[in-house]
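Some notes on the structure that comes next.
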2 protein chains.
Amino acid sequence: MTAMLSIGDLARATGVKPTTIRWYEQEGWLPPAARTEGGHRAYGPAHLRRLGFIRHARELGFQSAAIRALLDLASHPEADCSQAHDLATAQIRDIDDRLRRLSALRAELERMATSCAGGVVGECRVIETLADFGHGHCGDPEHGAMPRA
Amino acid sequence: MTAMLSIGDLARATGVKPTTIRWYEQEGWLPPAARTEGGHRAYGPAHLRRLGFIRHARELGFQSAAIRALLDLASHPEADCSQAHDLATAQIRDIDDRLRRLSALRAELERMATSCAGGVVGECRVIETLADFGHGHCGDPEHGAMPRA
DNA sequence: CCTTGAACCTCCAGCCGCTGGAAGTCCCAT
DNA sequence: ATGGGACTTCCAGCGGCTGGAGGTTCAAGG
C-alpha cells in the first residue's frame, strides 16, 4: 500500500497551494479525498497524477473547458484520441495568435520607448503614443496630449 | 463649442462598452462626466482622449498601477518623462518574458501533438504528456496514464 | 506520556476587471 | 404625440483563486 499524502505533501509535490487544492476539490476538478480519523485529507498517487495533469494543462494555457474535456478523455483510455489531438492543435493556434499580438505590442512599445528623448512629459512619445488612441490618427490634434482629469 | 458626446458615442469611438465606461468613472479612471438636463452623461474631447489612453494602455498590457502612474504623469506635462520611459521599458521586459514562456509552451504542445499517432487514448502522447506532471520524470510509471476519477 | 506548534479543518469574504439584468427614465425621428 | 432605442441606477455574478478567523489534529521532542 502506497503511503498516503497529506494535502501539504501534495502541494509540495505539485506546486499547487493547499487552499487551491481544496478549491479544486470543491469545484469538482479533483474527486473528494479520503480522510484520516481526524478528518484530514489523505491522497494517493491517482490524485497526484490528476492534480499534476490539471496544473500542467493550466500552465500550457488550456481553457477550463478544454481541461475538463481532456480529463474526460483521459478517463476513457479505450476511446479514440483524435479529440485530444484536436484540442492540442487548437491550443497551438491560440498560442500562435497570442505570440503574434504580443510581438506587435512589443514593437509598438519599442517605438514608444526609443523615441522618448528623455525630456519633459509634454513632449514624451510614450505618453503621446498612448493618448493616440485612434491608432495613428489623432482625433483632435490642437489639444495637448492629455486632459488634466 | 465642440459637440458633446453621449456615452454611446464615446463607446463607438473608443471600442469600450458603455457599462465599462460607467465602471471606469465609478472607479476613478475617468472623471465624472457632465450631465444633460435629463441626467445623461455628456462627454467632450478630453474624456475621449483619456479613455483612449486607458484602452490603449490596457491593450498594451500595462498593469493598472502603471496606467495610474502614466495618467498622473500625463497630467503634469512639465515633469520629467524618465518615469514614463522606465514604465515602458519595464513593460517590454515583461512582454519578452511572456514571449519566452509562450514559445516554450508552444514547443511542448507541438511535441505533444506530433507524437500523437491518432490511436486510442490509452496510448495518446497528448494525455500522457499532460499527466507527466514531473516535467519529464514520471513519478509512478507502473500505473496507467490517468486515474479514472 | 505530555506538550507544543505546525499543519490541518471549515466557512466566508474579497480580489480584479469587468458584464449583465431589472426596473425605470429620457431623447429624438417620424 | 408616440414608439422604441439609448440612457439611468443599483446590484449581483463571473473565473480562478487567495486570505483570514477560529477551531482541531498530528507528530516530534522532552
Side-chain angles (χ1 to χ4, degrees), chain A residues 3-44 47-48 50-71 91 94 98 101 105, chain B residues 3-44 47-48 50-71 91 94 98:
Chain A
M4 282 299 185
L5 301 166
S6 74
I7 197 170
D9 296 334
L10 199 59
R12 275 181 292 280
T14 60
V16 177
K17 293 182 191 173
T19 37
T20 307
I21 295 174
R22 283 185 211 107
W23 178 79
Y24 279 160
E25 178 177 323
Q26 177 118 330
E27 299 300 301
W29 290 96
L30 286 178
R35 298 296 182 125
T36 64
E37 289 251 313
H40 287 196
R41 286 173 181 80
Y43 297 95
H47 280 96
L48 188 52
R50 193 176 170 105
L51 181 53
F53 186 103
I54 293 167
R55 197 215 50 181
H56 202 168
R58 294 209 72 80
E59 277 174 359
L60 289 172
F62 282 94
Q63 316 267 43
S64 55
I67 299 180
R68 299 245 189 219
L70 286 167
L71 285 168
Q91 193 57 25
D94 196 85
R98 287 198 271 165
R101 276 178 300 161
L105 295 188
Chain B
M4 283 298 184
L5 301 166
S6 73
I7 198 171
D9 296 333
L10 200 60
R12 275 182 292 281
T14 60
V16 178
K17 293 183 189 171
T19 37
T20 307
I21 296 175
R22 283 185 211 106
W23 178 79
Y24 280 162
E25 178 178 324
Q26 176 120 330
E27 300 299 302
W29 290 97
L30 286 177
R35 298 298 182 123
T36 66
E37 290 251 313
H40 287 197
R41 286 173 181 80
Y43 297 95
H47 280 96
L48 187 53
R50 192 177 170 104
L51 180 53
F53 186 103
I54 293 166
R55 197 215 48 181
H56 202 169
R58 295 209 73 80
E59 277 174 359
L60 290 171
F62 283 94
Q63 315 268 45
S64 54
I67 299 180
R68 299 244 189 220
L70 287 167
L71 285 168
Q91 194 55 24
D94 194 84
R98 287 197 270 165

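Just the heavy atoms: all of them, side chains too, but no hydrogens, waters or symmetry mates, feed the values below.
A nucleotide of DNA chain C counts as in contact with chain B when one of its atoms lies under 4.0 Å from a heavy atom; the first and last such, 5' to 3', are C:dG17 to C:dC27.
In this structure, CZ of A:Arg22 is placed 12 Å from C1' of D:dG19, rounded to the nearest angstrom. Following rounding to the nearest Å, B:His40 (NE2) and D:dG5 (P) show an atom-to-atom distance of 15 Å. The CD atom of B:Gln26 sits 11 Å away from the C1' atom of D:dC11 (whole-angstrom rounding). Between A:Tyr24 atom OH and D:dG15 atom C1' the separation is 12 Å, expressed in whole Å. Rounded to whole Å, the distance from CD on A:Gln63 to P on D:dG15 is 12 Å. Nucleotide D:dG16 holds its P atom 15 Å from the CZ atom of A:Phe62, rounded to whole Å. Taking atom CZ on A:Arg55 and atom C1' on D:dG16, their separation rounds to 17 Å, with Å as the unit. Residue A:Ile54 contributes atom CD1, which lies 10 Å from atom P of D:dC17 at whole-angstrom precision.
Backbone-only contact: A:Arg35 has heavy atoms under 4.0 Å from sugar-phosphate atoms and none from a base.
In this structure, A:Thr20 reaches the D:dT18 phosphate: one of its side-chain N or O atoms is under 4.0 Å from OP1 or OP2. Between B:Arg41 and D:dT8, a side-chain N or O to OP1/OP2 separation shorter than 4.0 Å is present.
One distance of note links CG of A:Leu30 with CG of A:Leu10; it measures 7.5 Å at 0.5 Å rounding. A:Lys17 contributes atom NZ, which lies 13.0 Å from atom CD1 of A:Ile7 (distance to the nearest 0.5 angstrom). One finds the OG1 atom of B:Thr36 at 10.5 Å from the CE atom of B:Met4 (value rounded to the nearest 0.5 Å). Considering CH2 of A:Trp29 and CD1 of A:Ile67, their distance stands at 5.0 Å, rounded to 0.5 Å. One distance of note links CZ of A:Phe53 with CG of A:Leu48; it measures 14.0 Å at 0.5 Å rounding.
Of the possible donor and acceptor atoms, one in the side chain of B:Asp9 sits under 3.5 Å from a partner among the backbone N and O of B:Ser6. Judged by distance alone, the side chain of A:Arg55 and the main-chain N or O of A:Thr14 form a donor-acceptor pair under 3.5 Å.
Smallest separation of non-hydrogen atoms from B:Glu25 and B:Pro31: CG-O, 4.3 Å. Heavy atoms only, all atoms of each residue included: A:Ala33 and A:Tyr43 are closest at CB-CE2, 3.4 Å.
Mapped onto DNA chain D by nearest heavy atom, B:Ala42 and A:Ser64 fall at different nucleotides, with B:Ala42 at the one closer to the 5' end. Annotation: of the two residues near DNA chain D, A:Glu37 and B:Gly8, the 5′-most nearest-nucleotide partner is B:Gly8.
When the local axes at the two ends of the helix from C:dC1-D:dG30 to C:dT30-D:dA1 are compared, using 5 base pairs at each end, they differ in direction by 10° after rounding to 10°.
In the set D:dT8, D:dG16, D:dG19, the nucleotide with an atom closest to the side chain of A:Trp23 is D:dG16.
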